[in-house]
There are 2 protein chains.
Amino acid sequence: MLAQHFSTKERILGAAEDLFARHGFAGASLRQVTAAANVNLAAVNYHFGSKENLIEEVFRRRLDELNARRLAALAAANADGQADLEQVLAAFIRPALELSLDKNGGSAFVRVLARAYAEHNARLRRFLSDNYGHVLKEFANAFARLLPHLGKEELYWRLDIVSGALTYAMADFGVIKRKSGVSEQTHRERAAEHLIRFAAAGLRAP
Amino acid sequence: MLAQHFSTKERILGAAEDLFARHGFAGASLRQVTAAANVNLAAVNYHFGSKENLIEEVFRRRLDELNARRLAALAAANADGQADLEQVLAAFIRPALELSLDKNGGSAFVRVLARAYAEHNARLRRFLSDNYGHVLKEFANAFARLLPHLGKEELYWRLDIVSGALTYAMADFGVIKRKSGVSEQTHRERAAEHLIRFAAAGLRAP
DNA sequence: GTATGATTCAAACGAACGTTTGATGCCGCT
DNA sequence: AGCGGCATCAAACGTTCGTTTGAATCATAC
């Protein structure tokens with residue numbers, strides 16, 4: 001399945017990402033994963049220790065970069081004076097879009113991320129909040145500065161709605177189907193544009 | 001677990017709904033379900049034929065009523081003259097809210113519904129589109145009349161975002177935690193209010 | 001009261017699961 | 001050449017999975 005010039009660990013991570021996206025964490029077996037990765041069944045427990053650890057590594061591999069990109073984009077937006085709402089939204093949304101366009105399984109990962117929300121699994125939520133928490137805080141602060149008329153609770157509600165819409169849209173759960181003449185890249189870029197416009201108006205609501 | 005005065009079928013459906021919400025379709029076993037329902041393991045295959053059929057029945061039981069309520073609310077909103085955007089949004093969102101407040105597992109079901117989106121399972125998607133399709137069409141028409149400045153494609157994108165945000169918010173995936181002084185009912189009603197305000201502004205965006 | 005059909009039951013089916021084992025291959029070292 | 005360690009391998013571990021079976025139990029009708 002995956003090219004031979006990737007290491008065993010990388011091939012497992014890639015195959016796991018793809019199969020977790022398609023069948024869920026419980027629904028994808030290590031036998032399916034190792035078969036798709038063209039490695040021995042025992043390799044998962046040798047390199048990762050357990051299936052649970054493998055799941056966490058699938059997240060860590062992508063989230064580290066996603067978080068870094070989001071913070072960098074936010075810093076860049078703030079660098080030239082006060083950023084406007086659309087710029088901050090873009091700093092949050094565009095890195096997720098770019099990730100979803102990554103050649104090596106990025107589009108699978110955004111769907112895995114959406115599944116993580118559906119799993120109320122305590123260990124996974126804790127892991128994600130440890131890796132995500134400070135990023136969300138930074139963005140909440142940026143939004144609070146731009147929307148001073150909103151109370152703190154009101155703001156949190158709206159940001160929650162935004163991340164829900166983002167998760168759902170990037171994971172392609174909706175009914176909108178990509179038209180045959182439109183490339184996957186263009187399709188997702190349009191999704192991001194619509195999302196930013198919609199979210200900006202929603203956040204500005206009185 | 002479930003009260004004894006419910007029939008075997010109903011007890012299975014209730015327990016399945018709860019466990020599917022908590023562990024997913026693959027993650028919840030029929031042994032867990034039948035133990036929680038206090039029925040024999042073989043009862044699932046006797047009454048439903050298979051696990052897949054049981055999953056579909058879990059959906060059918062709730063969706064029939066959810067769809068009927070949404071259409072009734074839409075008709076009522078249109079009855080007294082032209083409904084405004086908030087009324088049509090409420091006709092879509094409030095029935096989902098009421099369902100989530102249902103004493104007998106409604107809040108579990110909205111989470112099951114969110115899982116259904118994450119599963120790209122072809123059979124399940126087909127089943128849902130068969131049972132959901134005409135309702136979404138009706139609402140799309142109502143929104144189109146209220147937002148004539150939006151092109152058809154633009155409108156569909158935005159409705160997709162709205163249903164994503166709704167699914168996510170009702171399933172309680174976000175970081176917003178219910179405050180200790182606030183009842184579950186109040187918490188969800190506030191979520192619906194925020195959602196309607198946010199979505200109305202987003203849909204009206206130029 | 002007994003025959004009939006629907007339901008429930010304990011037990012078992014083969015298949016698939018995550019994990020472990022111990023042997024074998026491979027590579028850089030002295 | 002021989003050693004030491006990582007890495008890979010086929011095979012097996014015990015457990016759990018969805019499903020099936022055939023007997024026991026229940027309710028209803030005559």
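Every value quoted in this text rests on a predicted model; they were computed, and no experiment measured them. A note on names: the letters A, B, ... follow the listed sequences, proteins ahead of strands, and every chain is numbered from 1.
Between B/W157 and A/H187, the ring planes lie tilted relative to each other; the angle falls in the 30° to 60° range.
At the phosphate of C/dT7, neither OP1 nor OP2 sits under 4.0 Å from any side-chain N or O atom of B/T8. Applying the 4.0 Å criterion to OP1 and OP2 of D/dC6, one finds that A/H47 has every side-chain N and O outside that range.
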(request) Scan nucleotides 10-20 of chain C nucleotide by nucleotide, 5' to 3', and note B when protein non-hydrogen atoms come under 4.0 Å of the base, S if they reach only the sugar-phosphate, - if neither. (result) B-B----BBBB
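Exactly one residue among A/R22, A/R115, A/H23 makes a side chain to side chain donor-acceptor pair (under 3.5 Å) with B/E119. That residue is A/R115.
Ring-centre distance between A/F92 and A/F139: below the 6.0 Å cut-off.
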Hey, can you pull the donor-acceptor pairs under 3.5 Å for the side chains in residues 25-37 of chain B, sequence neighbours left out?
| unit_1 | atom_1 | unit_2 | atom_2 | d |
| --- | --- | --- | --- | --- |
| B/S29 | OG | B/R31 | N | 3.4 |
| B/S29 | OG | B/Q32 | N | 3.1 |
| B/Q32 | OE1 | B/S29 | N | 3.0 |
| B/T34 | OG1 | B/L30 | O | 2.8 |
| B/T34 | OG1 | B/R31 | O | 3.3 |

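Every residue meeting the side-chain contact (heavy atoms from CB on, under 4.5 Å) condition with A/Q185, not counting sequence neighbours, appears here in chain and number order: A/L101, A/S183, A/E189.
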